[in-house]
Amino acid sequence: ENRDIFLNTLDADLNDINSFVNNLTSTIDDFRNFYKPQKNKEYIAPSHVIQKALKIVQNILSSEGISIKEEYKSTKKLSLHSNEIIQVILNIIKNAQDNFLEKNISDGIITIKTFDQGNTTTVSICDNGGGIPSEILPNIFEPYFSTKKKKNGTGLGLYMSKTIIEEHHNGNIIAKNTENGVCFTINFEWEEKS
């Protein structure tokens, strides 16, 4: 009887390991594609790019009790270097994740929305992590500026994100505190297909 219990447990464990390995393989493939240099922009919906970014981090986030709320209302396809935009999304999410951890926030929520207005598509990424102190908020996009207490941050994440959005995509990115956290807003002006 003990032998049967042991074999059943072993079988269940092996299944778990197998599914973990498959998941890891798929994550590695995602990273490989993410780091491939992209010369050409592609016309793609921002929501599609956001979902690619979330696929990379969703398991880590859920293991830390962080939930993601998604609301995609934009219907526009934009001319984007999708790997670069994935990097921007991951940077913002990682900062929120670190902040939740540092402040011991157990019910972290990151809300991601897209919508169209005029000739602009907006992506907003907001969290309930208590916000960024107003005296340092104007500096967060400067190179080598880090809010991380343990100094394990390089201070380049948001600087690179701003460069990607403003110089590579003719857009803009701003951060504002809300009632219970911080909101990053990225605006893309539409480029008509030639």
Side-chain angles (χ1 to χ4, degrees), residues 23-24 27-28 30-31 34-35 46-74 80-115 121-169 171-188:
N23 191 25
L24 207 53
T27 302
I28 288 165
D30 288 339
F31 269 118
F34 167 53
Y35 279 113
S47 57
H48 191 63
V49 181
I50 293 163
Q51 285 166 329
K52 281 184 179 183
L54 290 176
K55 198 176 165 213
I56 293 171
V57 289
Q58 65 192 9
N59 287 355
I60 294 167
L61 295 178
S62 61
S63 75
E64 292 183 10
I66 299 167
S67 53
I68 301 279
K69 288 184 178 173
E70 298 164 81
E71 188 183 297
Y72 304 126
K73 290 188 172 170
S74 169
L80 304 172
H81 290 293
S82 57
N83 285 354
E84 291 189 358
I85 300 301
I86 287 172
Q87 197 170 332
V88 172
I89 304 298
L90 291 178
N91 266 323
I92 294 170
I93 288 173
K94 178 77 175 104
N95 284 344
Q97 181 191 5
D98 290 346
N99 181 52
F100 290 144
L101 209 61
E102 207 167 273
K103 293 181 181 169
N104 289 320
I105 293 166
S106 56
D107 55 349
I109 301 169
I110 298 169
T111 305
I112 304 177
K113 297 180 182 181
T114 68
F115 55 90
T121 294
T122 298
V123 174
S124 78
I125 304 171
C126 306
D127 67 42
N128 63 339
I132 296 168
S134 54
E135 66 273 13
I136 64 171
L137 192 57
N139 310 114
I140 62 169
F141 293 106
E142 291 172 9
Y144 309 114
F145 184 85
S146 179
T147 58
K148 300 197 169 65
K149 284 200 178 83
K150 291 187 182 116
K151 278 294 165 205
N152 56 356
T154 59
L156 288 173
L158 289 177
Y159 170 69
M160 279 166 49
S161 298
K162 189 178 176 73
T163 303
I164 287 168
I165 299 299
E166 297 190 352
E167 293 179 21
H168 302 188
H169 293 87
N172 68 52
I173 179 169
I174 52 171
K176 282 186 178 166
N177 281 322
T178 59
E179 264 180 53
N180 56 2
V182 67
C183 255
F184 284 85
T185 306
I186 303 165
N187 296 304
F188 299 99

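Just so you know, residue 1 is the first one in the sequence shown, and it goes up from there.
Within 6.0 Å of NE2 in His168 there are more than 12 heavy atoms belonging to other residues, nucleotides or ligands. By the 6.0 Å contact criterion, NZ on Lys103 is enclosed, its count of non-hydrogen atoms from other residues, nucleotides or ligands being greater than 12.
Shortest non-hydrogen contact noted between Leu80 and Val49 is CD1-CG2, 4.2 Å. Between Asn177 and Gly131, the shortest heavy-atom distance links the atoms OD1-CA, 3.2 Å. Here the closest non-hydrogen pair linking Ile164 and Val88 is CG2-CG2, 3.7 Å. Among all heavy-atom pairs drawn from Lys162 and Phe141, the shortest one is CD-CB, 3.5 Å. Minimum heavy-atom separation, Val123 to Pro46: CG2-CB, 4.1 Å. The minimum heavy-atom distance linking Ile105 with Gly129 is given by the pair CD1-CA, 3.6 Å.
In this structure the side chain of Phe184 reaches within 4.5 angstrom of the side chain of Ile140, judged on heavy atoms. Inter-residue side-chain proximity for Ile132 and Asn95 is flagged as unmet; no heavy-atom pair is nearer than 4.5 Å. In this structure the side chain of Ile68 never reaches within 4.5 angstrom of the side chain of Gln58, judged on heavy atoms. Side-chain contact between Asp127 and Thr178 is absent, with no heavy atoms from C-beta onward closer than 4.5 Å.
From Ser161, atom OG reaches atom CD1 of Ile85 across 9.0 Å, with rounding to the nearest 0.5 Å. We find the CG-NZ distance between Leu54 and Lys52 to be 13.0 Å, quoted to the nearest 0.5 Å. One distance of note links CD of Glu70 with CD1 of Ile50; it measures 8.0 Å at 0.5 Å rounding. Taking CG of Asn91 as the reference point, atom CG of Leu158 lies at 6.5 Å (rounded to 0.5 Å). The OG atom of Ser82 lies 11.5 Å from the CD1 atom of Ile89; values are rounded to the nearest 0.5 Å. Separating the NZ atom in Lys176 from the SG atom in Cys183 is a distance of 10.0 Å, to the nearest 0.5 Å.
Remark: the backbone N or O of His169 is not paired with any side-chain donor or acceptor of His81 at under 3.5 angstrom. Thr122 places no side-chain N or O within donor-acceptor distance of the main-chain N or O of Thr114, the cut-off being under 3.5 Å.
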Just do the side-chain contact (heavy atoms from CB on, under 4.5 Å) check on Ile93 and Ile56 with the steps written out, would you?
CA-CA 11 Å; Ile93 288 173; Ile56 293 171; over 6 Å; no
Between Glu166 and Ile173, does the side-chain contact (heavy atoms from CB on, under 4.5 Å) criterion hold? Intermediate values first, please.
CA-CA 7 Å; Glu166 297 190 352; Ile173 179 169; 4.3 Å; yes
Residue pair Asn128, Phe100: steps toward the side-chain contact (heavy atoms from CB on, under 4.5 Å) verdict:
CA-CA 9 Å; Asn128 63 339; Phe100 290 144; 3.3 Å; yes
Candidate pair Lys69 and Ile109, rule side-chain contact (heavy atoms from CB on, under 4.5 Å), full reasoning:
CA-CA 7 Å; Lys69 288 184 178 173; Ile109 301 169; 4.1 Å; yes
